S.K.: 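Below are the structure tokens for one structure; questions will follow.
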Amino acid sequence: MKVKITKIRDDVEKNSFYCPECGCEYIAFYTNQIARELQKEVNETIEKFKKQKNLPKKKTVRKIEKTKKKIRSEMQKLKDEIERDEEHVKSQMSSL
């Protein structure tokens, strides 16, 4: 399955895929610069841990989990904001 990344405004990207059976688009998640930077931080921490075996495992895992929690929070905030905007547009269109 191929993920499609679409810029939907300023720094916000929609990550979606199309079902090969029905052709419907499914949105996986939204990201912005903050979420992408946090994802980069997680990847860098993992790579650093792989290269430097003497890093404390528990501390590294806690750091990664804390950062992933921030990513989830940022993505949820984006999703809520985008869905709220879409509902607003739909209600404006229906009142015409």
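Note that the structure is a prediction, hence the values are computed from the model and not measured.
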S.K.: Decide yes or no for E41 and K70: does some side-chain heavy atom of the first lie under 4.5 Å from some side-chain heavy atom of the second?
M.R.: no
S.K.: Using the test salt bridge (Lys or Arg N to Asp or Glu O under 4.0 Å), find all partners of K68 that sit at least two apart in sequence or belong to another chain.
M.R.: none
S.K.: Within this structure, what is the CD-CD1 distance for the pair Q39 and I71, rounded to the nearest 0.5 Å?
M.R.: 5.0 Å
S.K.: Quick check for you: to the nearest 0.5 Å, what is the distance between I34 atom CD1 and D11 atom CG?
M.R.: 7.5 Å
S.K.: Rounded to the nearest 0.5 Å, what separation is found between the OG1 atom of T31 and the CG atom of L38?
M.R.: 11.0 Å
S.K.: Taking only residues two or more places apart in sequence, or in another chain, which ones meet E44 in a salt bridge (Lys or Arg N to Asp or Glu O under 4.0 Å)?
M.R.: none
S.K.: Checking E65 now: which residues fulfil salt bridge (Lys or Arg N to Asp or Glu O under 4.0 Å) with it, not counting sequence neighbours?
M.R.: none
S.K.: Indicate yes or no: at least one non-hydrogen side-chain atom of I64 is less than 4.5 angstrom from one of F49.
M.R.: no
S.K.: Can you list, pair by pair, the side-chain donor-acceptor contacts under 3.5 Å of residues 54-61, counting residues two or more places apart and other chains?
M.R.:
residue	atom	partner	partner atom	Å
T60	OG1	P56	O	2.8

S.K.: The criterion is ring-ring contact (aromatic ring centres under 6.0 Å, His included); which residues satisfy it with F17, sequence neighbours excluded?
M.R.: Y26
S.K.: Applying the 4.5 Å side-chain criterion to the ILVMFWY set and letting contacts propagate, would I27 and V12 be lumped into a single cluster?
M.R.: yes
S.K.: Between E74 and K77, does a side-chain contact (heavy atoms from CB on, under 4.5 Å) hold up when you go through it step by step?
M.R.: CA-CA 5 Å; E74 187 65 26; K77 182 180 85 171; 3.3 Å; yes
S.K.: So if I apply the salt bridge (charged side-chain N to carboxylate O under 4.0 Å, His left out) rule between E13 and each of K7, R36, K4, which one comes out positive?
M.R.: R36
S.K.: Enumerate donor-acceptor pairs with a distance under 3.5 Å from any side-chain N or O in residues 78-85 to protein atoms, sequence neighbours excluded.
M.R.:
residue	atom	partner	partner atom	Å
D80	OD1	Q76	NE2	2.8
E81	OE2	R9	NH2	2.3
D85	OD2	R9	NH1	3.1

S.K.: To the nearest 0.5 Å, what is the distance between CD (E37) and CG (N32)?
M.R.: 10.0 Å
